[in-house]
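Keep in mind that the numbers below use all heavy atoms, side chains included, and drop hydrogens, waters and symmetry copies. Below, read A as the first sequence line, B as the second, and so on, with proteins coming before strands; counting in each chain starts at 1.
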Amino acid sequence: MYLDVAGQPVSILALAGLGIVVGLIAGMFGVGGGFVLTPLLATVLGVPLPIAVGSGLCQMIGTATVSVLRHQRLGQGELRFDWLMLLPSIIGTAAGAKTVEALAGAGSVQLFGKTMPLVVLVLYGAYALFLFGSGGALAKRANSKVEELGYVRRGPLARLAVPPYVDFPRVPLSRVSAIVVAYVGLGLGFLSGLLGVGGGIALMPALLFGFGFPLRQAAGTGIVVLLVTSASGTVFHAYQGNVHLGLSMVLAVGASLSAQVGALLTAKLPPRFLRAGLSWLILGTLVTIAYDFAAQFW
Amino acid sequence: MSQSIPYIAACVLVPALWGVLMYFVFGWWQRRRQGKALENRPPPIDYSI
C-alpha cells in the first residue's frame, strides 16, 4: 500500500511505523517529536523537504490540541506569555514558510562538482544547527537534576530592560520585557515555518534557562502558541501546495496511539536510560542527515 | 501550486478533530484504569486489635 506524494510512492506501513516512533519519543520525552519527524520523512522515506515540513506541521495540530486541552484542565503554565507571543509567532511562521517557498524556487547550487537543490542544502544545515543548539540544551536539562527551587531565579532574558514590562503572576515573575517575549515568539514561529518543528524543543530551554521559569510552569507555557504556529504553518504551507493530508493523518494515527505507550514507559524506565536515549536520538538524527547529505555526492 | 480553501481548512480541522477525539478516548481509558486500580486495591489493614 502506497501513498502518492508529489508523484513519489511512499509506503503507508513505513509512514505508520515512523508515526509510532515519533509518538513514542513524544510520550517518553514530553516533546512534539517534529525535530525527528521532518528530517526522517525526507531522508528515510524520500518525501520532498517542503512537503515533509508542511505535512509534519499538519500532523502536529492533533498532538498540540491534546496538549492544550490537557494543560487547560490541569491549569499549568502562564497564558499571558502565550498571548504575548501569539501574533509575532504567526508572523514568524509566515516568514519561515515564505523562506521555504523562496528556497524551493531558487534552483540548485554547484557543490564539489555536484548539483544540489538550495532548499536541501539550507534546510539540512539549519536542522543540524537546530539539533546541536536546542537538542543539546534539552539533553543538558535532562542531565541536570532540575529541582523546584521554591522561588524564581531570573534568567538573562528576564533581566533585559526593554519597556514595556509585563508581570507573570502564575510563575511568579514580574517586570519582564514584553518586547523580548514577542521576539521569542517571532523566532519560534520562524523555526516552525522553516523546519516544520512545533518549537517545544526550542521554547523549553528558553523558558527554563532564558527566563528562569520553574519546570512545572515551563511545561504548560507556550502550548497555545505551539497549536497556533502548527495551525498557521499548515495554512501557509498548504496554500503553497506543501501539505499532504493523507500522509499527515497516517502519521497522526500512529503517533497518537504510541504516545500513550511512551508515557507509560517513562514511568517504568530508569531516568538514566531516558537521558541517554534522548542524546542518542539527537545524535542518530544528525547522523541520518549527514549520511543523506553525503550520499548526494556519491 | 496552491491548494483550494476547503482542502486548506481540512488540513487544519481534520487533525484538530482527531486530537479532540484522542483527548476524550484516552481520558476515558485513563479514568477506567484508575477506577480498576482502586477496585483491585488490597483491603485496608485493620489495626483494631
Side-chain angles (χ1 to χ4, degrees), chain A residues 6-7 19 23 27 48 50-51 54-74 101 104-105 223 226-228 230-261 263-264, chain B:
Chain A
I51 295 178
S55 305
L57 280 171
C58 178
Q59 77 86 30
M60 228 171 278
I61 295 174
T63 43
T65 308
V66 176
S67 300
V68 166
L69 292 171
R70 200 172 283 169
H71 282 284
Q72 281 305 303
R73 188 165 51 87
L74 296 172
E101 188 191 13
I223 305 281
L226 297 187
L227 176 61
V228 170
S230 51
S232 56
T234 300
V235 170
F236 296 132
H237 279 287
Y239 183 72
Q240 292 158 12
N242 291 335
V243 177
H244 193 293
L245 185 57
L247 183 152
S248 303
M249 286 316 294
V250 173
L251 288 170
V253 171
S256 56
L257 297 177
S258 61
Q260 306 300 318
V261 181
L264 289 175
Chain B
M1 176 191 74
S2 64
Q3 282 161 333
S4 66
I5 289 172
Y7 184 81
I8 295 172
C11 286
V12 176
L13 290 176
V14 173
L17 287 174
W18 174 256
V20 173
L21 179 73
M22 286 298 104
Y23 171 74
F24 285 113
V25 167
F26 287 116
W28 168 80
W29 179 63
Q30 214 165 1
R31 277 194 303 276
R32 195 164 163 267
R33 275 184 70 224
Q34 281 169 351
K36 279 208 166 173
L38 282 175
E39 268 176 30
N40 297 334
R41 69 183 165 183
I45 300 166
D46 188 3
Y47 290 105
S48 59
I49 303 172

How long is the gap from [atom1] on [X] to [atom2] on [Y], to the nearest 0.5 Å?
{"X": "I8(B)", "Y": "H237(A)", "atom1": "CD1", "atom2": "NE2", "value": "12.5 Å"}
{"X": "I223(A)", "Y": "R70(A)", "atom1": "CD1", "atom2": "CZ", "value": "10.5 Å"}
{"X": "L226(A)", "Y": "T65(A)", "atom1": "CG", "atom2": "OG1", "value": "11.0 Å"}
{"X": "Q30(B)", "Y": "Q260(A)", "atom1": "CD", "atom2": "CD", "value": "7.0 Å"}

### Query
Relative to chain A, which segment of A9(B) carries a heavy atom at a distance below 4.5 Å: side chain, backbone, both, or neither?
neither
Pick from [options] with the largest number of heavy-atom pairs that fall under 4.5 Å of chain A:
{"options": "P15(B), A10(B), A16(B), G19(B)", "answer": "P15(B)"}
{"options": "F24(B), W29(B), F26(B), Y7(B)", "answer": "F26(B)"}
{"options": "V12(B), L21(B), I5(B), V25(B)", "answer": "V12(B)"}

#### Entry: Proximity breakdown for V68(A) and chain B, heavy-atom pairs closer than 4.5 Å
neither
### Query
Looking at side-chain heavy atoms only, is the closest gap between F236(A) and N242(A) below 4.5 Å?
no
### Message
Quick check on the structure: residues of residues 244-251 of chain A within a heavy-atom distance below 4.5 Å of chain B, by number.
### Response
H244(A), L245(A), M249(A)
### Closest-packed option against chain B by number of heavy-atom pairs under 4.5 Å, given T234(A), V243(A), L257(A)
V243(A)
## Note on the structure
Closest heavy-atom pair, A252(A) versus W18(B), reported as atoms and distance to 0.1 Å, is O-NE1, 3.6 Å
